[in-house]
Asker: 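This is the structure I have questions about; it appears just below.
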Amino acid sequence: MIGFEVGSVVTGTICLIPRPGAIGIIVDLDGEPEGFVDVMCLPRQVESWPAVGTKTTFEVLDRRPGQIRLWPFDPRFRSGPWDNGVSEDDWRARKSRYPVGVILTAEVSQAFLSDGSYFVRYEGGWSALEGEGAPPVVGSRADYEVVRHLDTTRRTLLRPLGT
C-alpha cells in the first residue's frame, strides 16, 4: 500500500455516496483499495458534503484490508476541526517533549484481533498502530520511536522500537 501510509496526504475523487447522511462517502484513489470518509468526519448537512465527481485531498487516518480511511483536508467537507481533543498549547508541548526520533515507553490500551491494530498510551498522549498478525496484549509495555507528528489531526505516529 505504498502511498497510503497513515498520515500521508492523498488526492481522490468522490465516487459514491451510498446512503447520504448515514454512512459516509467512497473515494476513488485511482485503483484499489478505495477510500472511505466516515459520516462523523463530514458536515452534518448532507448538502455540504462533496458531490460525486469532486476531486480533493485527504489525510490517511487508518488502513484496513481493502479500504483506506480518510479525513478531508478541505474545511468545507468536514464536521469541524479534528484535533483529537488536544489544545494548541498541549499539542506544541507534546511535540516539544517527544520530537521525531525520540524513544518513549507506552502501554497497550486497546487491541483489535480483526486486523492486529492497537492503541498505546504514554505520558501525555496516545497513538494508534497498525499490526501484523496478533496484536500485543493489553497492558503490556514496550518502547516506541516517534516517527512523525500530524499537525492537522494532532496525532503522533509511533513505530515499535526495532521494526
Asker: Of all heavy-atom pairs between Glu5 and Val60, which one has the smallest distance, and what is that distance?
Answerer: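 Heavy atoms of Glu5 and Val60 come nearest at O-CB, 3.5 Å.
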Asker: If I compare all heavy atoms of Pro50 with all of Leu42, which pair ends up nearest, and what's the gap?
Answerer: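 Closest approach of Pro50 to Leu42, heavy atoms only: CD-CD2, 4.3 Å.
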Asker: Treat each ILVMFWY residue as a node, draw an edge where side-chain heavy atoms are under 4.5 Å apart, and state whether Ile26 and Val52 are in one component.
Answerer: no
Asker: Hey, any chance Val39 and Val37 share a hydrophobic cluster, counting ILVMFWY side chains that come within less than 4.5 Å of each other, even indirectly?
Answerer: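 In one cluster: yes.
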Asker: Could you grab the distance from atom CG of Asp62 to atom CD of Glu130, nearest 0.5 Å is fine?
Answerer: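 Interatomic distance, Asp62 CG to Glu130 CD, rounded to 0.5 Å: 6.5 Å.
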Asker: Would Leu70 and Phe4 show up in the same hydrophobic cluster when neighbours are defined by side-chain heavy atoms closer than 4.5 Å?
Answerer: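 Yes.
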Asker: Indicate the atoms forming the closest heavy-atom contact of Val6 with Leu157, along with that distance.
Answerer: O-CD1, 3.3 Å
Asker: Under a 4.5 Å cut-off applied to non-hydrogen side-chain atoms, are Thr13 and Thr54 in contact?
Answerer: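 Thr13 does not reach Thr54 side chain to side chain.
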Asker: Is it true that a side-chain atom of Arg78 and a backbone atom of Pro72 form a donor plus acceptor pair closer than 3.5 Å?
Answerer: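 Checked: pair present.
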Asker: If you look at every heavy atom in Trp49 and Ala22, which pair is closest and at what distance?
Answerer: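 Heavy atoms of Trp49 and Ala22 come nearest at CH2-N, 4.3 Å.
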Asker: Should Phe77 and Ile68 be counted in the same cluster of Ile, Leu, Val, Met, Phe, Trp and Tyr side chains packed under 4.5 Å apart?
Answerer: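 Phe77 and Ile68: separate clusters.
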Asker: Could you check Glu107 against Arg141 for salt bridge (Lys or Arg N to Asp or Glu O under 4.0 Å), going step by step and ending with a plain yes or no?
Answerer: CA-CA 4 Å; Glu107 182 175 313; Arg141 296 176 61 79; 3.7 Å; yes
Asker: Would you mind listing every side chain to side chain donor-acceptor pair (under 3.5 Å) that reaches into residues 33-46, with sequence neighbours excluded?
Answerer: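 Side chain to side chain donor-acceptor pair (under 3.5 Å) check on residues 33-46 returns Asp38-Arg69.
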Asker: Checking the side chain of Ser127 only, and the main-chain atoms of Thr156 only, is there a donor and an acceptor separated by less than 3.5 Å?
Answerer: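 Looks like yes, one N/O pair under 3.5 Å.
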Asker: Among residues at least two apart in sequence or on other chains, which ones pass side chain to side chain donor-acceptor pair (under 3.5 Å) with Lys55?
Answerer: none
Asker: Tell me, which pairs form a ring pair (Phe, Tyr, Trp, His ring centres under 6.0 Å) where one or both residues lie in residues 136-160, sequence neighbours left out?
Answerer: Trp91-His149
Asker: Which pair of heavy atoms, one from Gly7 and one from Arg148, lies closest together, and at what distance?
Answerer: O-NH2, 3.1 Å
Asker: Same hydrophobic cluster for Ile23 and Val46, using side-chain heavy-atom links shorter than 4.5 Å among ILVMFWY?
Answerer: no
Asker: Quick one: pull up CD1 in Ile14 and OG1 in Thr56 and give me the separation to the nearest 0.5 Å.
Answerer: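 Rounded to the nearest 0.5 Å, the CD1-OG1 separation comes to 7.0 Å.
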Asker: Excluding sequence neighbours, so at least two apart, what forms ring pair (Phe, Tyr, Trp, His ring centres under 6.0 Å) with Phe112?
Answerer: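 Phe112 satisfies ring pair (Phe, Tyr, Trp, His ring centres under 6.0 Å) with Phe119 once adjacent residues are dropped.
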Asker: If you measure from CG on Leu61 to CZ on Arg155, what distance do you get to the nearest 0.5 Å?
Answerer: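 With rounding to 0.5 Å, CG (Leu61) is 5.0 Å from CZ (Arg155).
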Asker: For a quick test of reading the model, state the closest non-hydrogen atom pair linking Pro135 to Leu113 and the distance between them.
Answerer: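 For Pro135 versus Leu113, the nearest heavy atoms are CD-CD2, 3.7 Å.
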Asker: For Glu88, give me all partners under salt bridge (Lys or Arg N to Asp or Glu O under 4.0 Å), at least two apart in sequence or on another chain.
Answerer: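 Result, salt bridge (Lys or Arg N to Asp or Glu O under 4.0 Å) vs Glu88: Arg92, Arg154.
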Asker: Distance check, rounded to the nearest 0.5 Å: Leu16 atom CG versus Phe36 atom CZ?
Answerer: 10.0 Å
Asker: Can you check whether Leu104 reaches Leu158 side chain to side chain, under 4.5 Å on heavy atoms?
Answerer: yes
Asker: Going by ring pair (Phe, Tyr, Trp, His ring centres under 6.0 Å), name the residues that satisfy it together with Tyr122, two or more places apart in sequence or in a different chain.
Answerer: Tyr98
